[in-house]
Participant: 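One structure is given below, represented as structure tokens, and several questions about it will come after.
Predicted model only: the values in this text are computed from it and were never measured. Here is how names work: the chains are called A, B, and so on, in the same order as the sequence lines, proteins then strands, and each is numbered from 1.
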2 protein chains.
Amino acid sequence: MSVTLKDVAQAARVSVSTASRALTGTGLTSERTQQRLTRIARELGYRPNPIARGLKTGQSRLVALLVHNLTNASFQVMAEVVQARLKALNYQMLLCIGGDDAQQESDTLTTLVDHRIDGLIVVPTGKNGAQLKALANDVPIVCLVRRDDATDLETVLADDPQGAYLGTRHLIELGHKRIGLIVGRQDTTSGRERLSGYVRALREAGIAKDDTLVHAGHFEPETGATGCRKLLDLARPPSAIFVANHEATLGALRVIAERNIAIPDDLSLLCYEDMPWFEWHRPAISIVDNGARDLANLAVDRLLHRMDAKSNGNDGVREYRVGARLVQRDSCRRIEAASAARTPRPKPSKSKSSAAKSSAAKPAKV
Amino acid sequence: MSVTLKDVAQAARVSVSTASRALTGTGLTSERTQQRLTRIARELGYRPNPIARGLKTGQSRLVALLVHNLTNASFQVMAEVVQARLKALNYQMLLCIGGDDAQQESDTLTTLVDHRIDGLIVVPTGKNGAQLKALANDVPIVCLVRRDDATDLETVLADDPQGAYLGTRHLIELGHKRIGLIVGRQDTTSGRERLSGYVRALREAGIAKDDTLVHAGHFEPETGATGCRKLLDLARPPSAIFVANHEATLGALRVIAERNIAIPDDLSLLCYEDMPWFEWHRPAISIVDNGARDLANLAVDRLLHRMDAKSNGNDGVREYRVGARLVQRDSCRRIEAASAARTPRPKPSKSKSSAAKSSAAKPAKV
DNA sequence: AATATTGATGCAAACGATTGCAGAACTGGC
DNA sequence: GCCAGTTCTGCAATCGTTTGCATCAATATT
């Protein structure tokens with residue numbers, strides 16, 4: 001079907017071995033034949049068969065990226081970054097979707113090593129530690145975004161403590177004293193770390209931690225909705241909410257919209273991780289950027305480093321942290337001490353507050 | 001490193017050929033040895049090497065999906081569907097991102113066939129027709145979402161004329177007479193087809209087509225913004241806008257928010273293709289669903305059919321259309337004849353109008 | 001000019017599976 | 001118990017590369 005090395009060799013009247021050496025540039029051929037063969041190969045449209053080569057060399061020039069899903073914007077940019085980087089190095093990216101599911105992750109992992117991938121970047125579920133550890137003997141592996149505590153794999157993490165700290169401090173600096181936090185499950189690293197960053201910022205500012213202001217829940221929009229409702233229904237509701245669980249953002253936004261709460265006038269809102277539409281939203285939503293782009297780049301760096309035969313041994317460093325960054329847009333507002341305790345929820349008594357708000361918003365056509 | 005067929009054969013004291021036959025189940029082995037070998041293979045943890053197998057059989061159990069990007073929600077669900085389907089059949093999906101770029105598409109395509117993929121589902125840029133056509137001799141190919149006119153490849157398309165028709169008719173049925181359309185470039189199939197669906201619906205309803213109501217532009221949010229502004233600035237602005245260009249949605253929404261236009265009270269808004277946050281948005285945004293899920297499924301069906309050696313020849317059908325569906329949410333409203341010409345733009349006199357507000361300001365809870 | 005040295009080439013064996021062909025082991029019929 | 005017929009098994013070639021080793025030519029060394 002396609003042109004093989006043998007064809008090239010025949011056309012050039014040399015043996016396959018010479019042809020191979022000339023084309024792979026192992027340097028054991030004369031300058032002249034090398035050039036002649038490259039020319040002939042090009043003319044014939046020869047393309048080496050990676051399967052055959054792989055069989056012999058044990059390499060595939062395939063690098064896999066295993067993520068939970070593609071809905072998460074962070075994973076999207078990571079995938080794009082990884083793809084671009086690898087492509088430049090003549091590797092093909094194998095993008096796999098594991099759905100944060102232990103079984104599926106396990107299956108995918110075996111398929112991948114079967115296919116003799118040259119490297120793997122994985123967002124681990126944390127439930128296949130043993131398997132991952134075993135695979136690490138065969139293939140260079142780098143963990144991304146999450147750590148699998150059952151392994152000692154090199155891991156590239158977002159600096160969640162810092163990110164949460166940054167965000168919380170920003171809100172404090174704007175004058176907020178009661179800051180609600182919606183955060184992920186506390187049995188995950190990111191869930192715990194974000195909470196800790198929040199707590200640290202409060203402590204530094206001398207603000208007493210109020211447990212009723214913290215809602216920890218699953219990675220679903222629904223969490224955001226219930227969390228948000230819970231916070232707003234408090235006797236003394238927060239003047240700012242920090243949604244530090246990416247998946248919860250939609251739910252929180254919905255509740256805010258349902259209750260006609262004006263952002264940032266009635267409530268400041270800060271979210272974690274960017275979404276493409278955040279800056280198109282009105283008001284544009286301020287975020288803590290976890291640095292997805294940097295994370296992906298670093299992961300690729302580390303992987304390539306490990307794939308480099310020479311540096312097979314580890315460097316001692318087991319964990320890398322990529323700094324988070326505050327992106328200020330329009331959803332957080334400076335607040336005066338007096339209004340800190342103002343309740344954004346319309347009480348029956350002062351019935352006009354909500355109506356006034358919305359009509360003020362579009363006074364044109366009453 | 002890993003267990004090979006030879007190891008299994010040795011352990012069972014048979015030849016490799018017998019082992020191979022027993023394990024692949026070619027039926028030429030005795031029941032007894034077959035069972036014995038499967039047992040031993042399992043005990044030893046034997047996993048066939050797809051590379052070696054591929055070299056011999058010319059198959060890789062790899063199927064590639066080549067899309068433009070991962071930002072587009074449709075591509076996300078397609079990727080997930082394809083992945084799930086293929087996985088069930090023991091194929092590994094190779095997800096590639098081509099960026100709607102001719103060069104990148106071309107490169108990726110060659111890499112893919114080099115890797116001897118067993119099949120390919122591609123959203124073509126339309127600029128590598130010749131190459132695609134040539135590749136089709138080596139690999140079963142199905143085009144998705146877009147057609148490449150330079151080829152006669154089997155293609156699974158969304159029914160854009162019908163979708164646009166459906167959406168427009170819906171707005172007409174709600175009483176709208178002046179319906180703005182923001183649509184994609186007219187040198188793309190989808191751009192043309194959506195316009196034609198729109199036109200047909202108007203014609204059927206006996207509404208004269210007004211060219212000033214149609215804005216065709218590039219696949220970018222900016223298009224949505226300028227288009228939306230243009231429409232709203234008209235002397236007789238539309239009472240409904242149909243954003244039939246997925247990428248333009250964000251831009252349109254922003255302009256609407258900036259101008260404090262209340263959806264659906266001041267303006268009905270209908271979009272094309274779903275985004276995960278549309279139903280969380282307030283008001284939830286009505287859409288024409290292009291059926292991404294069905295498209296992906298059908299594409300897989302067709303591909304599998306072609307990959308089936310028996311049915312190598314084509315079936316004559318070159319083009320499949322997947323029906324679109326109207327998903328009514330809260331962004332379109334019935335309109336009275338009188339209000340059709342009302343201008344939603346606030347006059348300068350109301351100076352405070354630009355105060356930020358979330359797009360959800362409807363005085364529901366007064 | 002003969003030999004040592006270097007550099008370029010070819011032969012053939014891998015890599016791990018599949019598969020045509022031929023031989024071995026069974027089966028049953030006489 | 002022998003032979004035809006059937007079923008099972010093994011040998012060896014093959015897929016398209018890479019690579020150790022031997023060979024051979026050309027150059028350098030004396």
Side-chain angles (χ1 to χ4, degrees), chain A residues 1-38 40-41 44-62 90 110-111 113-118 138 309, chain B residues 1-38 40-41 44-62 90 110-111 113-118 138 309:
Chain A
M1 184 168 70
S2 60
V3 189
T4 83
L5 191 53
K6 200 166 137 200
D7 300 330
V8 179
Q10 262 166 8
R13 321 187 124 270
V14 295
S15 71
V16 246
S17 1
T18 326
S20 169
R21 279 187 276 253
L23 294 179
T24 49
T26 355
L28 297 166
T29 53
S30 72
E31 187 77 1
R32 229 171 54 83
T33 44
Q34 176 147 353
Q35 297 201 342
R36 197 163 63 94
L37 275 162
T38 12
I40 298 189
L44 262 51
Y46 167 72
R47 316 216 75 236
N49 180 336
I51 307 247
R53 175 178 285 172
L55 179 57
K56 184 66 193 177
T57 63
Q59 315 227 301
S60 58
R61 300 215 72 86
L62 249 38
N90 234 321
T110 42
T111 321
V113 283
D114 279 356
H115 275 284
R116 301 297 187 274
I117 50 167
D118 291 348
D138 296 353
Chain B
M1 184 166 72
S2 60
V3 189
T4 84
L5 191 54
K6 200 168 136 199
D7 300 331
V8 179
Q10 262 166 8
R13 321 187 123 269
V14 294
S15 73
V16 250
S17 2
T18 327
S20 170
R21 277 188 277 253
L23 294 179
T24 50
T26 357
L28 295 168
T29 53
S30 70
E31 187 77 1
R32 228 170 56 84
T33 45
Q34 176 146 352
Q35 297 200 342
R36 198 162 61 93
L37 275 163
T38 11
I40 299 188
L44 262 52
Y46 168 73
R47 315 215 75 237
N49 180 336
I51 307 247
R53 176 179 284 173
L55 179 57
K56 182 67 190 175
T57 62
Q59 314 226 303
S60 59
R61 299 215 74 85
L62 249 38
N90 234 321
T110 42
T111 321
V113 284
D114 279 355
H115 276 283
R116 300 298 188 273
I117 49 167
D118 291 347
D138 297 353

Participant: So do the side chains of A/Arg61 and B/Thr111 get within less than 4.5 Å of each other, counting heavy atoms only?
Facilitator: no

Participant: NA contact type, B/Ser17, heavy-atom cut-off 4.0 Å: base, sugar-phosphate, or nothing?
Facilitator: base

Participant: Looking at C/dG10, does its base get a donor-acceptor pair with the side chain of A/Arg21 below 3.5 Å?
Facilitator: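 Such a pair exists between side chain and base.
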
Participant: So which one's nearest nucleotide on DNA chain D is more toward 5', B/Thr57 or B/Arg13?
Facilitator: B/Arg13

Participant: Between A/Arg53 (CZ) and D/dC15 (P), how many Å, whole number?
Facilitator: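 Those two atoms, CZ and P, are 19 Å apart.
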
Participant: Which of the following nucleotides, D/dT9, C/dA8, D/dG16, is nearest to the side chain of A/Ser30?
Facilitator: C/dA8

Participant: Kindly indicate whether the side chain of A/Leu37, heavy atoms from C-beta on, has any atom under 4.5 Å from the side chain of A/Val8.
Facilitator: yes

Participant: Could you give the distance from CG (B/Asp114) to CG (B/Asp138), rounded to the nearest 0.5 Å?
Facilitator: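 Interatomic distance, B/Asp114 CG to B/Asp138 CG, rounded to 0.5 Å: 10.0 Å.
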
Participant: Would you mind reading off the distance between B/Lys6 atom NZ and C/dT18 atom C1', rounded to a whole angstrom?
Facilitator: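 Result: 16 Å.
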
Participant: From CZ of B/Arg32 over to P of C/dA25, roughly how many Å is that when rounded to an integer?
Facilitator: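 My rounded result for the distance is 15 Å.
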
Participant: Using whole Å, what does the distance between atom P of nucleotide C/dT27 and atom CD of B/Glu31 come to?
Facilitator: 16 Å

Participant: Rounded to the nearest angstrom, tell me the gap between atom NZ in B/Lys56 and atom P in C/dA17.
Facilitator: 14 Å

Participant: Without swapping roles, check the side chain of A/Thr38 against the backbone of A/Gln34 for a donor-acceptor pair under 3.5 Å.
Facilitator: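 Yes; judged by distance alone, with no hydrogens or angles, the pair exists.
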
Participant: For a quick check of understanding: with a heavy-atom distance under 4.0 Å over all strands, which category does B/Pro50 fall into, base, sugar-phosphate or nothing?
Facilitator: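 Since no nucleic acid heavy atom lies under 4.0 Å of B/Pro50, the category is nothing.
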
Participant: Within this structure, what is the CG-to-P distance between A/Leu5 and D/dG16, rounded to whole angstrom?
Facilitator: 11 Å

Participant: Would you kindly compare B/Val16 and B/Leu55 by the position of their nearest DNA chain D nucleotide and give the one closer to the 5′ end?
Facilitator: B/Val16

Participant: Looking at C/dT9, I'd like to know if its phosphate oxygens (OP1 or OP2) sit under 4.0 Å from a side-chain N or O belonging to A/Thr33.
Facilitator: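 Answer is yes, contact under 4.0 Å.
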
Participant: Classify A/Ser20 by what it touches in the nucleic acid, base, sugar-phosphate, or nothing, heavy-atom distance under 4.0 Å.
Facilitator: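 Base: the residue A/Ser20, judged by heavy atoms under 4.0 Å, touches a nucleobase.
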
Participant: Looking only at the side chains, is there a donor atom on one of B/Ser2 and A/Arg116 sitting less than 3.5 Å from an acceptor on the other?
Facilitator: yes

Participant: What is the distance, rounded to the nearest whole Å, between atom CG of A/Asn49 and atom P of D/dT18?
Facilitator: 10 Å

Participant: Please pick, from C/dA17, C/dT18, C/dG10, the nucleotide with the shortest atom-to-atom distance to any side-chain atom of A/Val14.
Facilitator: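 It is C/dG10.
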
Participant: Would you say B/Thr18 reaches D/dG10's phosphate, i.e. side-chain N/O to OP1/OP2 under 4.0 Å?
Facilitator: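 Indeed, a polar side-chain atom of B/Thr18 lies that close.
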
Participant: Between atom NE2 in A/His115 and atom P in C/dG16, what is the gap in whole Å?
Facilitator: 16 Å

